[in-house]
Amino acid sequence: MSDQNRPYESKEPWRHHTTPDESGFFQPPRRAVPSEWTDSSPQEQGQPPSQPWGRPDHKPARAAEAVPAALPSSTASASRSVAPGLLNTPVETDAAAGIDLTKVYGDGETRVTALDSVNVRFTRGTFTAIMGPSGSGKSTLMHCLAGLDRITSGRVFLAGQELSNLPDAKLTTLRRDNVGFIFQSFNLLPMLTAEENILLPLDLAGRKPDAALWDQLITGLGIADRLKHRPSELSGGQQQRVACARAMITKPHVVFADEPTGALDSKSGANLLSYLRHCVDDLGQTIIMVTHDAKAASYADRVLMLLDGRIVDDITSPTAEAVNEAMAGLEG
Ligand code: ADP
């Protein structure tokens, strides 16, 4: 895709910091606005999960065109009391969102507020890095957005559904159908081949792989000749590419990547990040990545900086230098 065809890329100076709007929301860069996300999920209509792999509509987002005329009434009325800004910025256009998201661990003397009224939205088809000092709440934010951890108060949306009140069984299904994970330590099952590892999430869901997507992943990740190997027979970079294919094969709404390059050499790390970037640009994938590495973060469209459970900076089109500078400001 030529740069000319990227109307969503700003011609303004390379780096921008965003400040929260009146409602406390950090506004993400609006790269693409999907049209197919309605308030009833395709699964509920007896269809397979919606297709995040089609190239997003790259028309510049103009509010009048992009925002649905009306929110589902339940969301709209609930929003009024919780986050007035939501009325102008419906979460239906987002892959994930948190509203007044608070997570407290423990109580009494051991009480820790890991997330403190975080308001954040992740537009579909964008790549976001989450950074911040150790203990700032990065993992907690990721776990809460992915439905791995219950929140203490506020609201969380994923794939068009509110997670906060979902029963455990529905949450598990929603996660299985809509979320892919890439971990620092790969987390491949040692007794399965690469191919079996990749297909495992689909097997668990009783679904068949999309042949075109399978070919695209295996070729793009360069693992066609490694499919019959077990993880112990693969290099770290190869294992992480297998894990990446496993995360993408279900066509998830969001891929959460937790320090995906943390255990890789710099060349393997750069390869993986380039592939993630390609998935966002050319396949419309949404990726949310926790990282400590400014260089890794520079592959993202946007970097959120956390400190003490709050988002304190939001950098669009980040460079490694800009991210390092922002990190130094937090740690200094
Ligand atoms: P980060 O990923 O930025 O290092 P975390 O999200 O892991 O930060 O942690 C944020 C805060 O919440 C820290 O003070 C941490 O000690 C605390 N915390 C995280 N998980 C738990 C837990 N399961 N029980 C108690 N405190 C926790």
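In each ligand, atom 1 is the first atom listed, and ligand 1 is the first ligand listed. Note: hydrogens, waters and symmetry copies are ignored here, and every other heavy atom, side chains too, is used.
- For atom 15 (C) of ligand 1, no protein non-hydrogen atom is found at a distance below 4.0 Å.
- Salt-bridge formation is detected for the pair R277/D301: a Lys NZ or Arg NE/NH1/NH2 atom is positioned less than 4.0 Å from an Asp or Glu carboxylate oxygen.
- Using bins of under 30°, 30° to 60° and over 60° for the plane-to-plane angle, the ring pair F181/F183 lands in the parallel bin.
- Using a 4.0 Å cut-off to heavy atoms of K138, the atoms of ligand 1 that qualify are 1 (P), 2 (O), 3 (O), 4 (O), 6 (O), 8 (O).
- The option from P133, S136, S139 that lies nearest to atom 7 (O) of ligand 1, judged by heavy atoms, is S139.
- In this structure, atom 24 (N) of ligand 1 is in close contact with the protein, since a protein heavy atom lies within 4.0 Å of it.
- Between the Q285 side chain and the P252 main chain, a donor and an acceptor come within less than 3.5 Å of each other.
- Taking 4.0 Å as the cut-off, G106 does not count as a neighbour of ligand 1 on heavy-atom distance.
- Salt bridge annotation for R175-D168: absent, with no cationic side-chain nitrogen under 4.0 angstrom from a carboxylate oxygen.
- Counting only heavy atoms of the protein, atom 6 (O) of ligand 1 lies nearest to T140 OG1, 2.5 Å.
- Proximity of G135 to ligand 1 is established by a heavy-atom distance of less than 4.0 Å.
- Nearest approach of Q239 to L234, heavy atoms of both residues: NE2-O, 3.3 Å.
- The closest donor-acceptor contact from the side chain of Q238 to the backbone of I223 lies at 3.5 Å or more, if one exists at all.
- Scanning all protein heavy atoms for the shortest distance to atom 8 (O) of ligand 1 gives G137 N, 3.2 Å.
- Side-chain atoms of T286 do not come within 3.5 Å of backbone N or O of A95 as any donor-acceptor pair.
- For ligand 1, the atoms sitting less than 4.0 Å from at least one non-hydrogen atom of A114 are 10 (C), 11 (C), 12 (O), numbered in the order shown with element in parentheses.
- The protein atom (non-hydrogen) at minimum distance from atom 27 (C) of ligand 1 is Y105 CD1, 3.3 Å.
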